[in-house]
A.B. asks: 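Below you'll find the structure I mean.
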Amino acid sequence: MFDNKNIYIQIPSVQPCASVVKNFMSTEKYNIAESEAKWRKAWNERKCFEVTEDTTKDKYYVLEMFPYPSGRIHVGHVRNYTLGDVVARYRRARGFNVLRPMGWDAFGLPAENAAIERGAHPSDWTISNTAEMREQLQSMGLAIDWSREITTCKPDYYRHEQAMFLKFLERGIAYRKESMVNWDPVDNTVLANEQVVDGKGWRTGAPVERRKLNQWFLKITDYADELIDDLDKLDRWPEKVRIMQENWIGRSKGLQFKWDIVGKDEQIEVYTTRPDTLFGASFLALASDHPMAQELGTDKDGFDAFIKKCQAIGTSEAAIEQAEKLGFDTDHTATHPLLKREVPVYIANFVLMDYGTGAVFGVPAHDQRDFDFANKYDLSITRVISDGQDDELTEAYTGEGTLINSGILDGKDIASAKELIIQKCEEDGSGFGTTQYRLRDWGVSRQRYWGCPIPIIYCDDCGPLPVPEDQLPVELPKDISFDKPGNPLVHHPTWKNTTCPKCGQPATRETDTFDTFFESSWYQFRYCDPHNDSAPVGKDKANYWMPKGATVEQYIGGVEHAVLHLLYARFFTKIMRDCGYVDCDEPFMGLFTQGMVTHETYKDANGKWITPIEYEALVDKSTAKVGPSIKMSKSKKNVIDPEDILKTYGADAARLFILSDSPPERDLEWTESGIEGAWRFINKLHRIVMDYQQHIPAHDTPKPTHFADDINELRSAAHKTINGIAKSIDDFAMNKVVAQIRELSNLIASPKQAENYVKLDGGAWAIRETLEILIKLFNPMMPHLAEELWSALGHNTLLADEPWPVADESLLVDDTVTIGVQVNGKVRATITLSPDANESEAREAALGQDNVKKAMDGKQVRKFIYVPGKIVNVVAG
RNA sequence: GCGGCUGUGGUGAAAUUGGUAGACACGCCAGAUUUAGGUUCUGGUGCUUUCGGGCGUGGGGGUUCAAGUCCCUUCAGCCGCACCA
């Protein structure tokens, strides 16, 4: 409990013979550091933001993507957590039971790299980083329930994902297979498909190699349909992210069917999304690594050279674009299943073994690539879709049309032709309608130390076996050496040695650890019940905070996780549901993706990158070059350390600046003048309250019965702002929130105005009312200042516990409205009317305007348009 | 190539269902306060002008009494995916 007497209050110095205006011009500054620390302590002691399940209140779960404990927070974190804080504090004020937790995504490679580079143990390095970053986050004044903090590298967290993995194994959701994997040669580990960007490792940027390894997988492909179909439920997700996930899953419907090879017993299975064009097929093409390719091509000259050429082509975007479409004629033919005509079989470098069946049929008339290929190798081109013109094709025709040259399909449209041909193939057994996905199963094994151990034991006789539940968790050994390259768990002298749970013979542990996206796939549940020893989350707790359909109300983070974390977390939620852990289908109902924080870049006279601070320190700035404002990065040296900002300007100024100007979904340019502007506004708000303080009545003074007109207008503006800001926060339009705060404060900020207001009828009371509304409205953005001013106005409650103000409906309606008067569509004057004035009143007022008469230039009114409350348009001619 | 987003003052940006374009800031200009700088206060600031106006939301066209907003077309920038059959 804090004592009101201890509150830091500044009384502006009043000069004996100063004018009244002088009274409203204090120059005292707000002691930011002292005040902010005091209020954080008060919230903390009161445990304001700790929550329990409370069925009497509506609940609201707001979550921001938890940070990786790299050592220090960056400006992106400040933006992310400020946005979440505005939502959390606002919802709390609206009476919601708000869950707003924080934790650490604590497994990951930087910890191992730190161990290799400077000998720190990954665990110590990580834990000390969390301590430092916790302090930094706390200095932002975030409304977080720290009692629910989770750290994913601790056994009390990861033991539950080991148990879940065993459950997945039991259910057939997890499995082991040998497969070609993406190998990052720098990090010495496997990458998931989602982690390969442009043929390179997403973290290291090193070209990814292909290797054959035994890996554990999760069957995300079994959920492909649900993952796509449920995107429709996520109507509070950005369209962009939903489209990206849909494309990533890449569902396509088509026909899979067999072609006979002339003179061979084998058949070639082909997949197509355009079965309607089957009658236009003029060749078959196999992937170079297709099992049949060897058999068909090997006895012909040049085969080996061709295969080599295919494999030499890189996977990078540029290489693919430039790569020529090459084919190798096997001299074999296949029989068209319907036409019974023979078509040549090629091996082609553009056919992918990974997708479909690794074999395609080519329809040159209706596919550009096939068209080019046919021209190159002189293959026939048969048009089967008519556009009504049927001119000679100079390029493939891919539009709508009617089937021609297609036997039974002639005259049909494309959709019904597809249906019919699939039906026919299913009848004669040559093929079947099927769905293909681009999505591949999620390989979760990583050959690293600093991750959650995969709870598997390998026995020479019994094979891979799950670690018995009573032996969980399988903890990482603390004594570990990074002397040798590769996975330290493999080199550990004893850790991997164990006994087979089935036969009792000596056996070895799995030394791979889980992909770190494993931890972040279910943490949203753990926050609901962070100290549960027996289950990842208690169902009662999960069902309170994340019942079926409700889940996390608002999730906030960067768009870079659109197909990584956000897809895995959705998948994990579904498999946890199917294994009985939770009841909900989706983890995040609302998703907001924030933009990046950018900063100008600078180069010195030698063309070397220099920091903003170094640039400012230059004696002669003309020798340096100022570059564009781009995402902050260490290599470009345009990074701003939030801690410096928090120390210099305070948390409120940093928060205010980050919310001002740029809409949160767009990139935000960090500028010195911007943060200074925010800081000045903080001081201004403080000054306004301090200046008025001695002129307004106590907070429990009854409302006067009469207000002067000007005061009514002020009150009306204040009450309108209540609803305006609420709507803007709901819309995530924080830049507009700040604008409205400034607008309202501008009404009372001017010393001249202030002097007037307090003299008017009801003025002093209304000023207090306005100030209190203003303070409550900016509280979610600048909570320290708001507490400070709230107490300065004589309250001894915490503002954090105060409800959102309620707008007085009678003050929301205007008795007059000013609208524009157009003459032939151009605004010539404005008139002020009652909002429900009738047309003849509007006509009289409008036509009486000098500027309107002038613009009409003696012409007649041909038409008079009056939209009450909006506009008058006089059509003259 | 496919899909998506964005184009508004010197800058960041506002603008419910079409209804006074540029709110709110940054910057800049002038004045006041200050020993000075900073702070603070007062006023101004889309472009142009012969001071009547005229022109203005990437370009062109259209619908409408009325278009930043709707339709067609075109250009530019950014993001995602990409030999996906």
Side-chain angles (χ1 to χ4, degrees), chain A residues 21 24-27 29 197-198 238-248 250 252 254 270-275 277 285 287 313 315 317 319-321 323-325 348-352 354-363 367-370 373 436-438 559-560 562-563 629 657 660-663 665-669 671-674 676-678 680-681 683-684 687 727 733 735-746 749-752 818-831 854-855 862-877:
Chain A
V21 169
F24 285 98
M25 288 184 70
S26 123
T27 52
K29 277 272 163 63
V197 179
D198 193 13
E239 183 72 18
K240 176 192 166 87
V241 175
R242 285 186 286 167
I243 289 169
M244 280 168 74
Q245 291 212 351
E246 193 173 338
N247 291 342
W248 186 263
S252 65
V270 166
Y271 171 76
T272 179
T273 55
R274 290 296 303 273
T277 63
I313 293 170
T315 47
E317 197 179 310
I320 285 167
E321 206 148 293
E324 206 184 344
K325 307 289 175 273
N349 65 346
F350 60 83
V351 181
L352 303 173
D354 294 352
Y355 188 80
T357 58
V360 299
F361 69 81
V363 185
D367 180 286
Q368 190 56 43
R369 197 186 45 208
D370 294 347
F373 193 83
Q436 288 283 340
Y437 303 90
R438 215 186 73 106
V559 75
E560 66 272 18
V563 285
S629 190
F657 166 61
S660 307
D661 295 345
S662 282
E665 69 276 13
R666 268 188 238 176
D667 286 355
L668 166 75
E669 184 178 0
T671 61
E672 198 66 17
S673 58
E676 272 170 13
R680 281 201 300 268
F681 186 54
N683 282 297
K684 185 172 180 174
R687 198 164 52 237
K727 175 158 194 328
N735 53 326
K736 282 155 69 179
V737 173
V738 174
Q740 289 169 87
I741 295 288
R742 285 182 180 270
E743 231 169 319
L744 181 58
S745 73
N746 283 345
S750 145
K752 261 199 218 162
T818 301
I819 63 173
V821 179
Q822 299 179 330
V823 177
N824 291 333
K826 288 191 174 165
V827 179
R828 299 296 177 177
T830 57
I831 52 173
K854 207 154 89 187
R862 291 233 311 245
K863 200 170 177 185
F864 186 85
I865 287 146
Y866 169 53
V867 184
K870 300 273 188 191
I871 200 84
V872 165
N873 193 5
V874 183
V875 185

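Note on naming: letters A, B, ... go to the chains in the order of the sequence lines (proteins, then strands), and numbering restarts at 1 for each one. Values reported hereafter were calculated over all heavy atoms of this structure, with side chains retained and with hydrogens, waters and symmetry mates removed.
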A.B. asks: Contact class for A:Ser660 (heavy atom, under 4.0 Å): base, sugar-phosphate, or nothing?
C.D. replies: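 Here A:Ser660 touches no strand at all.
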A.B. asks: Which is true for A:Lys736 with a 4.0 Å heavy-atom rule: it touches a base, it touches only sugar-phosphate, or it touches nothing?
C.D. replies: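 A:Lys736: backbone/sugar contact only, no base atoms under 4.0 Å.
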A.B. asks: Could you check whether the side chain of A:Lys870 and the base of B:rU17 have a donor-acceptor pair of N or O atoms closer than 3.5 Å, going by distance alone?
C.D. replies: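 Flag set: donor-acceptor pair detected.
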A.B. asks: Only pairs with both distances under 3.5 Å count, Watson-Crick or wobble alike; so what is the partner of B:rA36 in this structure?
C.D. replies: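 Here B:rA36 is not engaged in any pair, so there is no nucleotide opposite it.
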A.B. asks: Round to the nearest Å and state the distance from A:Lys240 atom NZ to B:rG3 atom P.
C.D. replies: 16 Å
A.B. asks: In Watson-Crick or G-U wobble terms, both distances under 3.5 Å, what is the partner of B:rG31?
C.D. replies: B:rC41
A.B. asks: For A:Glu669 and B:rU11, give me the distance from atom CD to atom P, rounded to whole Å.
C.D. replies: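 Atom CD in A:Glu669 sits about 12 Å away from atom P in B:rU11.
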A.B. asks: Under 4.0 Å, heavy atoms only, any strand: does A:Gln822 hit a base, just the sugar-phosphate, or nothing?
C.D. replies: base
A.B. asks: Is B:rA85 paired to anything, Watson-Crick or G-U wobble with both distances less than 3.5 Å, and if yes, which nucleotide?
C.D. replies: none
A.B. asks: Identify whether any heavy atom of A:Arg862 sits under 4.0 Å from a base atom; if not, whether one sits that close to sugar-phosphate; answer base, sugar-phosphate or nothing.
C.D. replies: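 Since no nucleic acid heavy atom lies under 4.0 Å of A:Arg862, the category is nothing.
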A.B. asks: Go ahead and name the base partner of B:rG22; Watson-Crick or wobble counts if both distances stay under 3.5 Å, otherwise write none.
C.D. replies: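 Matched B:rG22 with nothing under the 3.5 Å cut-off.
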A.B. asks: Measure CG/A:Leu744 against P/B:rA23 and give the value in whole Å, please.
C.D. replies: 18 Å
A.B. asks: 5'-most contact on RNA chain B: A:Gly674 or A:Ile819, nearest heavy atom basis?
C.D. replies: A:Ile819
A.B. asks: What does A:Val351 touch in the nucleic acid at a heavy-atom separation under 4.0 angstrom: a base, only the sugar-phosphate, or nothing?
C.D. replies: base
A.B. asks: Under 4.0 angstrom, heavy atoms only, what part of the nucleic acid is A:Thr357 near: base, sugar-phosphate, or nothing?
C.D. replies: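 Touches nothing.
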A.B. asks: What nucleic acid atoms does A:Ile243 come within less than 4.0 Å of, heavy atoms only: base, sugar-phosphate, or nothing?
C.D. replies: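 Sugar-phosphate: the residue A:Ile243, judged by heavy atoms under 4.0 Å, touches backbone atoms but no base.
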A.B. asks: Ignoring backbone atoms, test whether A:Arg438 places a side-chain nitrogen or oxygen under 4.0 Å from the OP1 or OP2 oxygen of B:rC81.
C.D. replies: no
A.B. asks: For A:Arg242, report the nucleic acid contact type (base, sugar-phosphate, nothing); a contact means any heavy atom under 4.0 Å.
C.D. replies: nothing
A.B. asks: To the nearest Å, how far apart are A:Asp367 CG and B:rC2 P?
C.D. replies: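 A:Asp367 atom CG is separated from B:rC2 atom P by 13 Å.
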A.B. asks: Would you mind reading off the distance between A:Asp667 atom CG and B:rU11 atom C1', rounded to a whole angstrom?
C.D. replies: 16 Å
A.B. asks: With a non-hydrogen cut-off below 4.0 angstrom, is A:Asn746 in contact with a base, only sugar-phosphate, or nothing?
C.D. replies: sugar-phosphate
A.B. asks: Could you check which nucleotide pairs with B:rC55 in any of the strands shown, counting Watson-Crick or G-U wobble with both distances under 3.5 Å?
C.D. replies: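 Pairing partner, where one exists within any strand: B:rG46.
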A.B. asks: When you measure from the side chain of A:Asn247 to the backbone of A:Gly250, do you find a donor-acceptor pair of N or O atoms at a distance under 3.5 Å?
C.D. replies: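 No, because the side chain of A:Asn247 does not come within donor-acceptor range (under 3.5 Å) of the backbone of A:Gly250.
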A.B. asks: Once you round it to whole Å, what is the distance between C1' of B:rG12 and CZ of A:Arg742?
C.D. replies: 12 Å
A.B. asks: Can you tell me if A:Gln822 uses its side chain to pair, donor with acceptor, with the backbone of A:Val874 under 3.5 Å?
C.D. replies: no
A.B. asks: May I ask you to verify whether the side chain of A:Asn873 and the base of B:rC65 hold a donor-acceptor pair under 3.5 Å?
C.D. replies: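 Indeed, a donor on one side and an acceptor on the other fall under 3.5 Å apart.
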A.B. asks: In the strands shown, is B:rG77 matched to any nucleotide by a Watson-Crick or G-U wobble pair with both distances under 3.5 Å, and which?
C.D. replies: B:rC5
